[in-house]
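Worksheet: the structure to be examined is printed underneath.
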Amino acid sequence: MIQHSDWPDIELAWHLFEGSEGKGFATEAAREVKTWAIEALGLGRLYSYIIVANTRSQAVAKRFGAVSDGTRAPHEPEAEVWVHPLNSD
């Protein structure tokens, strides 16, 4: 999770190095972070800022029930805001 000082919300983010895609690493890591956010931090919502053309990251977000809210991230105009409700998977 990331919350930069000038970002409006806490982000659930992932980044994979070339050659690591398609092996479930992002999904596994995001699942664990989401669980921690619910159980340890008591958060009710997380956000992902995903570049519009990044369909692989969008697929990871969708696996957790995240949806685009149709807006762009204020700090990254090429990224859509994806909302992750924090209820059990």
Checking the side chain of [X] only, and the main-chain atoms of [Y] only, is there a donor and an acceptor separated by less than 3.5 Å?
X   : Y   : value
Q58 : V52 : yes
S48 : L12 : yes
E21 : G19 : yes

Would you kindly confirm whether [X] and [Y] end up in one hydrophobic cluster when ILVMFWY residues are joined by side chain heavy atoms under 4.5 Å apart?
X   : Y   : result
L41 : V33 : yes
I10 : I38 : yes
W36 : F25 : no

Mutual orientation of the aromatic rings belonging to H84 and F64 [parallel < 30°, tilted 30-60°, perpendicular > 60°]: tilted
Atom CD of E28 with >12 non-hydrogen neighbours under 6.0 angstrom: no
Reported [atom1]-to-[atom2] distance for the pair [X] and [Y], which is rounded to 0.5 angstrom:
X   : Y   : atom1 : atom2 : result
E11 : E76 : CD    : CD    : 10.0 Å
T27 : K34 : OG1   : NZ    : 11.5 Å
I50 : E78 : CD1   : CD    : 14.0 Å

Step-by-step side-chain contact (heavy atoms from CB on, under 4.5 Å) determination, V81 to Y49: CA-CA 5 Å; V81 177; Y49 306 115; 4.1 Å; yes
Least distance between heavy atoms, P85 atom then G65 atom: CD-O, 4.0 Å
